[in-house]
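Since the model is a prediction, treat every value here as computed from it, not as a measurement. Proteins get letters first, then strands, A, B, ... in listed order; numbering begins at 1 in each.
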There are 2 protein chains.
Amino acid sequence: MSISSRFAVGIHILTFIELNKGKVSSSDYIAKSVNTNPALIRKMMGMLKRAGLIEVHPGIAGAKLAKKPSEITLLDVYKAVNVVRENQLFRIHEHPNPNCPVGRNIQHSIEPIFAAAQLEMENFLKKITLENIVEDIAKKEEIG
Amino acid sequence: MSISSRFAVGIHILTFIELNKGKVSSSDYIAKSVNTNPALIRKMMGMLKRAGLIEVHPGIAGAKLAKKPSEITLLDVYKAVNVVRENQLFRIHEHPNPNCPVGRNIQHSIEPIFAAAQLEMENFLKKITLENIVEDIAKKEEIG
DNA sequence: CTAGCATGTAATTATTATGATGACAAGTTT
DNA sequence: AAACTTGTCATCATAATAATTACATGCTAG
């Protein structure tokens, strides 16, 4: 139906860390900004950490980016938080009837199309970096 | 997570109807090809009908395409079966903290990006027609 | 060295979408 | 009238999401 808000939250977390570089970005502070539970943020920080996007350490408050914002694409975040299975944005019905010409071929006909459509979307996400988001928000704050 | 297989099933249904033009495509026959329940097929035929893609009539067995296969795009099917809400492929977390610079801006910063990414994918689907699928399967059947 | 915060992670829960299914009203054909 | 069909409703098991509680483990300041 819809791709989990983990993706949006992941972007939020990274943006928060970057825009609060001087201060300590603990799961508690981030949770307040996102307006959700600290445990959820910690779980997500774990994913971002495993993907090599941030540095966090048990017992030590706060997190920092492991790369420059310009080197973190939205695709990186998207993959880190695991919102869409590899090549599985579109689900295909299983076990169509092999005795039917349509049933025995439809999967193989559709699969490459679905994969290509997914790739179009993911390639777009690859072009946007965390820096773009951070700058956009900085600009909005100046004006506002 | 993943886009409902209704999309793939919708394509299956239309392909089945086209490749069985001479015969009667009742919900029972189609259900056997898809390997699912006839009631589900009828429900989906209702969606395809409302989208103007097929013609079905109560009491009369079978369905036929309302347009030429070359005039039915995968985007038409995708929209007909309602797998993704308009502009909502990506969900955004609600109620981020308005007292935080990130919280009060993140939604507006992310929305257009998500919309654009979704559009990339949908524009790709618009380029593929039912005719492409039908021909691909016909070709596979010749070889096989 | 210990009290007090952190992170890491497991378990639970309410909510929601999916997909399968059964039942049946209403329409059509023979 | 009998035997089909489509259209639609209600139900159900399953799976993912997002929120939450709880607690083990790690660090650090006093």
Next on the checklist: With a 3.5 Å distance limit and no angle check, can you tell me whether A/Asp76 reaches the backbone of A/Thr73 through a side-chain donor-acceptor pair?
Outcome noted: yes
Item to check | A/Lys49, NZ: over 12 other non-hydrogen atoms inside 6.0 angstrom | outcome: yes
Item to check | Length of the CE-C1' vector between B/Met44 and D/dT6, whole Å | outcome: 16 Å
Next on the checklist: Treating A/Lys140 as the side-chain partner and B/Asn105 as the backbone partner, does any N or O pair qualify as donor plus acceptor under 3.5 Å?
Outcome noted: no
Item to check | A/Glu120 side chain to B/Phe124 backbone, donor-acceptor under 3.5 Å | outcome: no
Item to check | Point-to-point distance, once rounded to the nearest 0.5 Å, from CG of A/Leu65 to CG of A/Leu130 | outcome: 6.0 Å
Item to check | Whole-Å gap separating C1' (D/dT28) and NE2 (A/His57) | outcome: 15 Å
Item to check | Spacing between B/Lys32 atom NZ and C/dA20 atom C1', to the nearest angstrom | outcome: 17 Å
Item to check | Whole-Å distance separating the CD1 atom of A/Ile30 from the C1' atom of C/dT7 | outcome: 12 Å
Item to check | Interatomic distance, B/Ile54 CD1 vs D/dG7 C1' [rounded to whole Å] | outcome: 12 Å
Item to check | Rounded distance in Å - CD1 (A/Ile41) to C1' (C/dT7) | outcome: 13 Å
Item to check | Atom-pair distance (CD on A/Glu94; P on C/dT18), nearest Å | outcome: 16 Å
Checklist entry - Roughly, in whole Å, what's the span from CE in A/Met45 to P in C/dT9? => result 11 Å
Checklist entry - Between the two end axes of the helix from C/dC1-D/dG30 to C/dT30-D/dA1, each built from 5 base pairs, what angle do you get to the nearest 10°? => result 10°
Item to check | Close side-chain approach of B/Val134 to B/Thr129, heavy-atom, < 4.5 Å | outcome: no
Checklist entry - Linking I/L/V/M/F/W/Y whenever their side-chain heavy atoms sit closer than 4.5 Å, directly or via other members, would A/Ile13 and A/Met47 fall into one cluster? => result yes
Next on the checklist: Once you apply a heavy-atom cut-off of 4.0 Å, does A/His93 come out as touching a base, just sugar-phosphate, or nothing?
Outcome noted: nothing
Next on the checklist: Measuring from the side chain of A/Val56 (C-beta onward, heavy atoms only), which nucleotide among C/dT28, D/dT28, C/dT7 has the closest atom?
Outcome noted: C/dT7
Below 3.5 Å is the cut-off: list the nitrogen or oxygen pairs between protein and nucleotides 16-23 of chain D, distance only.
{"unit_1": "D/dA18", "atom_1": "OP1", "unit_2": "A/Ser5", "atom_2": "N", "d": "3.1"}
{"unit_1": "D/dA18", "atom_1": "OP1", "unit_2": "A/Ser5", "atom_2": "OG", "d": "2.9"}
{"unit_1": "D/dA18", "atom_1": "OP2", "unit_2": "A/Ser4", "atom_2": "OG", "d": "2.3"}
{"unit_1": "D/dA19", "atom_1": "OP2", "unit_2": "A/Thr36", "atom_2": "OG1", "d": "2.7"}

Next on the checklist: Which label fits B/Phe7 and B/Tyr78: parallel for a plane angle under 30°, tilted from 30 to 60°, or perpendicular past 60°?
Outcome noted: perpendicular
Checklist entry - Counting only N and O atoms by type, is there a donor-acceptor contact under 3.5 Å from the side chain of B/Ser2 to the main-chain atoms of A/Gln88? => result yes
